[in-house]
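Here the structure is a predicted model, which means the values were calculated and not measured. Every number for a ligand or one of its atoms is a count from 1 in the order of the listing.
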Amino acid sequence: MARTYDVIIIGGGVVGCMAARFLSRYQLKVLLIEKRSDIGSVTSAANTALVHPGYDPVVGSLKAAMNVAANPMWTQLAQELQFSFDRCGDYVVAIGEEELPKLDALFKRGKQNGVTGMSLISADEMRRREPLINPGVSGALFAQTGGMCDPFGVTLAAAEHAVLNGVEIRSNTECQGFIIENGRITAVRTNQGDFACRWAINAAGLYSDVIMHKVGIRPEFKITPRKGEYLILDRAEFELQSVYFPVPSHVSKGILATATVHGNTILGPTAREQDDREDKSNTAEGLDQVLSGGKKLIPDVNTRHVIAIFAGLRAAGNAPCETPGVDYQHDFIVEIPEKVQGFVNIGGIESPGLTSSPAIALRVIDLLRDAGEKLVEKRDWNPNRPARSVFRHMDGEQRRKLIEKDARYGRIVCRCENVTEGEIVAEIHAPVPATTYDAIKRRTWLGTGRCQGGFDMTRVTDILARELNVSPLSISKKGKQSELLERPTKILGDSHEH
Ligand SMILES: Cc1cc2nc3c(=O)[nH]c(=O)nc-3n(C[C@H](O)[C@H](O)[C@H](O)COP(=O)(O)OP(=O)(O)OC[C@H]3O[C@@H](n4cnc5c(N)ncnc54)[C@H](O)[C@@H]3O)c2cc1C
């Protein structure tokens with residue numbers, strides 16, 4: 001088979017891309033396949049974007065271990081990969097005296113999980129730190145290791161860095177099965193043909209159970225998608241200082257109010273189970289719940305501040321925790337199963353999966369090493385990814401210099417977010433190229449302001465068609481069957497008679 005790899009990663013979310021980035025350090029031929037037109041466009045693009053300290057997961061679970069191991073890695077990763085990350089700390093806020101004991105329980109759990117930098121603060125101190133907080137606050141747990149990021153930006157940075165260090169990424173390539181010979185995986189079957197490999201890594205998120213069942217393991221494992229809905233508030237109208245959780249319930253961390261690295265506030269998420277793995281629609285009921293949950297923490301928020309809504313699906317699994325004596329049925333899976341050779345199995349990576357992703361990648365490497373894989377480091381591996389110019393973050397002098405070098409940075413395409421043609425073109429020709437409108441939007445944040453793309457969509461379509469040298473009719477929102485234009489309405493040309 002011509003297309004032969006040492007490792008094939010199935011799924012280009014934050015887990016697959018982080019694994020690719022950490023594996024790119026070694027002399028291995030690695031391919032990452034992603035069934036959609038772009039990496040990172042599913043759960044890794046639609047979540048709360050927080051780097052959790054680790055006081056929430058059940059003590060003794062793999063979730064807790066991965067969360068706490070990963071949290072400190074984020075500072076260095078953000079520097080090396082040049083993504084936005086703010087270690088702003090986070091707060092769990094008790095409203096009313098009856099919620100106070102829950103803070104003590106979380107504090108204790110955090111200590112047991114090995115979380116450092118936690119403190120219990122008074123109601124007065126909480127009101128001083130966040131003047132918008134509900135005046136009925138009775139106290140808060142502050143964790144200084146909490147942080148926020150742009151989760152798609154993290155996924156893209158990891159993917160790009162992997163590509164710069166030799167990993168191949170193929171989008172529109174769906175794993176449909178495996179060739180297994182004498183109990184060992186020898187190839188991944190896809191809609192683009194077969195790819196031979198020595199190892200296949202399951203990082204398929206909401207479909208991780210489907211992949212497991214195709215190799216014949218864990219028949220009882222099932223992903224039940226759990227939807228989380230959100231409201232995004234206009235940053236011109238509303239600004240929070242940090243991240244504010246309510247005291248958690250038994251199913252989720254509850255509806256929180258948080259600042260973001262982009263300056264907007266988001267409220268959410270809900271937590272509702274569903275069967276459908278694709279339905280990310282918002283519901284009136286869900287959004288009402290988000291608003292009332294948000295108001296409980298920040299009473300000033302109202303619908304006038306809302307500029308957008310979205311939803312994400314947690315890949316909630318039913319894997320029992322393997323630590324003896326720990327009764328917990330929703331743990332992460334990161335393993336090399338005995339039943340089939342050449343398979344690294346990752347599944348049930350719901351929250352805190354984003355936070356945990358670098359630790360999961362390191363665990364994959366440890367598992368491969370334990371399985372006898374000789375991991376030889378590349379001599380020329382470069383830990384750093386160069387940053388690209390972000391016009392809206394520059395001062396006047398920096399902007400002037402950039403425009404002098406390339407006039408396309410002087411043409412604003414998105415007026416709300418100040419995104420220039422130069423930035424769009426850079427994304428189209430980047431190591432992980434943007435080829436659709438949504439791919440440009442996720443990378444540049446264009447179309448996310450008040451007008452929600454009303455002004456920029458036609459310009460972006462035009463630029464994509466020009467740079468990719470294709471007809472504008474083939475430019476889509478998010479891949480095939482979402483083309484933005486149907487047919488020409490007018491032919492402008494040389495004939496003056498028309
Ligand atoms: C509402 C919500 C809030 C959250 N908040 C946080 C948070 O604040 N902090 C935190 O740490 N975590 C959070 N999480 C969890 C976090 O977002 C996820 O754990 C993480 O994004 C999972 O990444 P992934 O790579 O496993 O999955 P995904 O991002 O879903 O990636 C899987 C990829 O595999 C691809 N794929 C699937 N099947 C195939 C196939 N057969 N062949 C090829 N490709 C395939 C998919 O198209 C997809 O791109 C939240 C999740 C949700 C939904």
Side-chain angles (χ1 to χ4, degrees), residues 8-20 31-54 56-57 63 66-67 70-71 74 90 146-149 151-152 154-155 158-159 169-178 188-192 200-212 214 223 225-230 243 245 252-253 255-256 258 260 266 268-272 277-278 280 286 290 310-317 332-334 346-361 478-479:
I8 297 180
I9 301 166
I10 301 156
V14 71
V15 171
C17 292
M18 237 0 132
L31 169 69
L32 182 149
I33 58 171
E34 166 54 53
K35 72 176 178 184
R36 293 174 194 261
S37 63
D38 195 13
I39 55 127
S41 62
V42 188
T43 306
S44 299
N47 55 62
T48 320
L50 299 177
V51 172
H52 294 295
D56 195 60
K63 263 185 194 168
M66 293 291 98
N67 185 154
N71 178 290
W74 277 76
D90 68 31
M148 56 193 179
C149 66
F152 175 77
V154 173
T155 309
I169 295 185
R170 275 176 166 262
S171 51
N172 299 311
T173 306
E174 178 175 13
C175 167
Q176 296 177 331
F178 297 89
V188 175
R189 308 214 93 144
T190 81
N191 57 335
Q192 311 283 346
I201 300 179
N202 176 10
L206 287 158
Y207 292 84
S208 54
D209 55 346
V210 175
I211 298 292
M212 289 180 210
K214 283 190 195 298
I223 293 287
R226 198 180 326 114
K227 185 183 278 181
E229 298 190 48
Y230 295 87
V243 181
F245 290 95
S252 86
K253 299 178 194 72
I255 288 170
L256 63 140
T258 174
T260 64
I266 58 175
T270 50
R272 170 163 286 202
R277 296 171 198 240
E278 299 293 327
K280 292 202 278 178
V290 172
F310 71 98
L313 297 177
R314 304 168 183 89
F332 287 171
I333 298 171
V334 187
I346 306 175
I349 310 298
E350 55 176 318
S351 188
L354 166 66
T355 309
S356 305
S357 56
I360 293 174
K478 52 179 183 179

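Here is the list of ligand 1 atoms found below 4.0 Å of a heavy atom in Thr355: 9 (N), 10 (C), 11 (O). Here is the list of ligand 1 atoms found below 4.0 Å of a heavy atom in Pro352: 10 (C), 11 (O), 12 (N). Numbered from 1 in the order shown, with element, the atoms of ligand 1 that lie under 4.0 Å from a heavy atom of Tyr230 read 1 (C), 2 (C), 3 (C). Distances below 4.0 Å separate heavy atoms of Gly12 from the following atoms of ligand 1: 33 (C), 34 (O). Residue Ala49 approaches ligand 1 through these ligand atoms, each under 4.0 Å from one of its heavy atoms: 8 (O). Within ligand 1, the atoms closer than 4.0 Å to a non-hydrogen atom of Leu313 are 53 (C), numbered from 1 in the order shown. Distances below 4.0 Å separate heavy atoms of Arg36 from the following atoms of ligand 1: 47 (O). Which parts of ligand 1 touch Ile349 is read off a 4.0 Å heavy-atom cut-off, strictly below it: atoms 18 (C), 19 (O), 22 (C).
For ligand 1, one of its N or O atoms has an N or O atom of His52 under 3.5 Å away. Remark: ligand 1 and Leu206 share no N or O pair separated by less than 3.5 Å (distance only, no angle test). Checked against a 3.5 angstrom limit, the closest N/O atoms of Val15 and ligand 1 fall inside it.
One option in Lys214, Met18, Glu34 has a heavy atom closer to atom 48 (C) of ligand 1 than any other, and that option is Glu34. One option in Thr258, Ile9, Val14 has a heavy atom closer to atom 20 (C) of ligand 1 than any other, and that option is Val14. Comparing Ile33, Asn47, Ile39 against atom 17 (O) of ligand 1, the shortest heavy-atom distance belongs to Asn47. Counting heavy atoms only, Leu50 comes closest to atom 9 (N) of ligand 1 of the residues Leu354, Ile346, Leu50. Of all the listed residues (Ser44, Gly348, Ala316), Ser44 holds the heavy atom that lies closest to atom 21 (O) of ligand 1.
At a threshold of 4.5 Å between non-hydrogen side-chain atoms, the residues Lys280 and Leu313 count as touching. Counting heavy atoms from C-beta on, the side chains of Leu50 and Asp90 never come closer than 4.5 Å. Looking at heavy atoms from C-beta onward, Ser351 lies out of side-chain contact with Asp56 at the 4.5 angstrom threshold. For the pair Ser356/Lys63, no side-chain contact is recorded, criterion being any heavy-atom separation below 4.5 Å from C-beta on.
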Stepwise side-chain contact (heavy atoms from CB on, under 4.5 Å) test for Trp74 and Val154
CA-CA 10 Å; Trp74 277 76; Val154 173; 3.8 Å; yes
Could you walk me through whether Met66 and Ile349 pass the side-chain contact (heavy atoms from CB on, under 4.5 Å) check?
CA-CA 11 Å; Met66 293 291 98; Ile349 310 298; over 6 Å; no
CA sep, side-chain torsions, deciding dist, call: Phe245, His52, side-chain contact (heavy atoms from CB on, under 4.5 Å)
CA-CA 11 Å; Phe245 290 95; His52 294 295; 3.6 Å; yes
For Gln176 and Asn191, what are the C-alpha separation, side-chain angles and deciding distance, and is it a side-chain contact (heavy atoms from CB on, under 4.5 Å)?
CA-CA 7 Å; Gln176 296 177 331; Asn191 57 335; 3.6 Å; yes
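Within a 6.0 Å sphere centred on CZ of Arg272, other residues, nucleotides and ligands contribute 12 heavy atoms or fewer.
Side chain of Asn202 to backbone of Ala204: a donor-acceptor contact under 3.5 angstrom is found. Judged by distance alone, with hydrogens and angles left aside, the side-chain atoms of Ser44 form no donor-acceptor pair with the main-chain N or O of Gly13 at under 3.5 Å. Judged purely by atom type and a 3.5 angstrom limit, Arg314 uses its side chain to pair as donor or acceptor with the backbone of Lys227.
From the protein, the heavy atom lying nearest to atom 5 (N) of ligand 1 is Thr48 N, 3.2 Å. Among all protein heavy atoms, the one lying closest to atom 27 (O) of ligand 1 is Gly205 CA, 3.7 Å. Looking only at protein heavy atoms, the nearest one to atom 39 (C) of ligand 1 is Lys35 CD, 3.8 Å. Protein heavy atom in closest approach to atom 32 (C) of ligand 1: Ala203 O, 3.6 Å. The protein non-hydrogen atom at the shortest distance from atom 37 (C) of ligand 1 is Ala204 O, 3.4 Å. Scanning the protein heavy atoms around atom 42 (N) of ligand 1, the nearest turns out to be Cys175 N, 2.9 Å. Nearest to atom 13 (C) of ligand 1 among the protein's heavy atoms is Ser351 OG, 3.4 Å. Nearest protein heavy-atom contact of atom 52 (C) of ligand 1 is Arg314 CG, 3.4 Å.
Residue Thr173 places a heavy atom under 4.0 Å from ligand 1. Every heavy atom of Thr155 sits 4.0 Å or more from the atoms of ligand 1.
At a 4.0 Å heavy-atom cut-off, ligand 1 does not touch Ala45 at all. Of the heavy atoms in Arg226, none comes closer than 4.0 Å to ligand 1.
Ionic pairing of Glu350 and Lys253 is not present here: no N-O contact between side-chain nitrogen and carboxylate oxygen is shorter than 4.0 angstrom.
To the nearest 0.5 Å, the span separating OG on Ser208 from CD1 on Ile333 amounts to 7.0 Å. Interatomic distance, CD1 of Ile8 versus CD1 of Ile33, reported as 6.5 Å (0.5 Å rounding).
For Val188 against Cys175, the heavy-atom pair with the smallest separation is CG1-SG, 3.8 Å.
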